[in-house]
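This report refers to the structure that appears directly beneath it.
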Amino acid sequence: MFDDDGYPIPEGISLLRPEVCSAVLCNYSRLKQDSWGEYDKDLWYLMEDFDKLCDIALKNYPLYDRIVEYKIDGLQNIDIQEKIQMEFGIKHSLEYISSLWRNKIPKLIASTAED
């Protein structure tokens, strides 16, 4: 499903699958940069669709949206934990933040794609 560089192989890619959404999230910055201005490439359309799905999926979940933003910016969970505590007044464990990033958020995005 992914080549040696970690890129999704276009054949069979579906944003209905949480594991695909997770892979896109984990490689978001590089995928977005590599697709920039490449309007004739499948990757550009994948990222365009993914961005739209994320906007819809996360609009009612400001905490999840912020986690995605921080992870894409390259912050570690310990830094995210601190920022969330300052912004939202709650302290989640590092494992919980990781679980949201790797499981809950990709499932939410895939579910939005299904809708």
Side-chain angles (χ1 to χ4, degrees):
M1 173 159 41
F2 297 93
D3 68 15
D4 293 336
D5 293 325
Y7 281 107
I9 298 171
E11 185 175 35
I13 293 294
S14 172
L15 294 177
L16 297 170
R17 297 174 53 202
E19 63 272 17
V20 171
C21 293
S22 179
V24 172
L25 281 171
C26 290
N27 296 286
Y28 183 87
S29 294
R30 191 174 91 194
L31 291 170
K32 193 69 172 176
Q33 181 179 1
D34 290 351
S35 69
W36 188 258
E38 298 287 336
Y39 307 115
D40 60 337
K41 307 281 185 189
D42 290 340
L43 181 58
W44 187 87
Y45 290 98
L46 172 72
M47 296 308 292
E48 182 73 9
D49 289 344
F50 188 79
D51 286 345
K52 288 177 185 175
L53 284 172
C54 283
D55 287 344
I56 295 167
L58 302 176
K59 72 179 176 183
N60 294 321
Y61 300 94
L63 175 66
Y64 298 174
D65 189 46
R66 191 64 76 208
I67 289 171
V68 169
E69 179 184 328
Y70 291 148
K71 289 294 268 186
I72 288 171
D73 286 346
L75 295 180
Q76 298 295 317
N77 286 351
I78 189 78
D79 301 316
I80 293 170
Q81 181 187 49
E82 184 179 309
K83 287 184 172 284
I84 286 172
Q85 187 172 3
M86 289 173 46
E87 184 174 347
F88 294 94
I90 52 176
K91 183 174 183 176
H92 289 298
S93 71
L94 301 179
E95 294 80 13
Y96 183 73
I97 293 169
S98 180
S99 178
L100 288 175
W101 174 249
R102 296 295 279 169
N103 297 306
K104 180 70 175 176
I105 293 170
K107 285 179 183 175
L108 184 61
I109 296 167
S111 174
T112 300
E114 191 174 314
D115 293 343

*asked:* Tell me the closest heavy-atom pair linking Pro106 and Pro18, and the distance in Å.
replied: CB-O, 3.4 Å
*asked:* I'd like to know if Ile84 and Ile78 are part of one continuous hydrophobic network [Ile/Leu/Val/Met/Phe/Trp/Tyr, side-chain heavy atoms within less than 4.5 Å].
replied: no
*Roughly how far apart are Ile67 CD1 and Phe88 CZ, rounded to 0.5 Å?*
8.0 Å
*Quick one: CD1 on Ile72 to CG on Asn27, what's the gap to the nearest 0.5 Å?*
11.0 Å
_Given Ile109, which partner from the list Val68, Leu53, Leu16 fulfils the side-chain contact (heavy atoms from CB on, under 4.5 Å) test?_
Leu53
*Please round to the nearest 0.5 Å and tell me the distance separating atom CD1 of Ile80 and atom CH2 of Trp101.*
8.0 Å
*Just wondering, are more than 12 heavy atoms of other shown residues or ligands nearer than 6.0 Å to NZ in Lys32?*
yes
*Please examine the side chains of His92 and Gln81, heavy atoms only from C-beta on, and report whether any two atoms are closer than 4.5 Å.*
no
_Cluster overlap Met86 with Tyr64, hydrophobic side-chain contacts below 4.5 Å_ = no
*Answer yes or no: is there a donor N or O on one side and an acceptor on the other, between the side chain of Tyr45 and the main chain of Asp40, under 3.5 Å?*
no
*Which residues satisfy the salt bridge (Lys or Arg N to Asp or Glu O under 4.0 Å) test with Arg102, sequence neighbours excluded?*
none
*Residues Asp51, Tyr28; criterion side-chain hydrogen bond (donor to acceptor under 3.5 Å, both in side chains); working and verdict*: CA-CA 10 Å; Asp51 286 345; Tyr28 183 87; 2.6 Å; yes
*Could you state the interatomic distance from CG (Leu100) to OH (Tyr61), rounded to the nearest 0.5 Å?*
11.5 Å
_Is there a path of hydrophobic side-chain contacts, each under 4.5 Å between heavy atoms of I/L/V/M/F/W/Y residues, joining Tyr96 to Leu108?_
yes
*Side-chain contact, heavy-atom cut-off 4.5 Å: Glu38 with Leu43?*
no
_Any Leu46 side-chain heavy atom under 4.5 Å of Leu15 side chain_ = yes
*Only pairs at least two apart or in different chains count here, so list each salt bridge (charged side-chain N to carboxylate O under 4.0 Å, His left out) that has a residue in residues 60-74.*
Arg66-Glu69, Arg66-Glu87
*How many angstroms lie between atom CD1 of Ile105 and atom OG of Ser22, to the nearest 0.5 angstrom?*
10.0 Å
*asked:* Once rounded to the nearest 0.5 Å, what's the spacing between atom CZ of Phe50 and atom CE of Met47?
replied: 6.5 Å
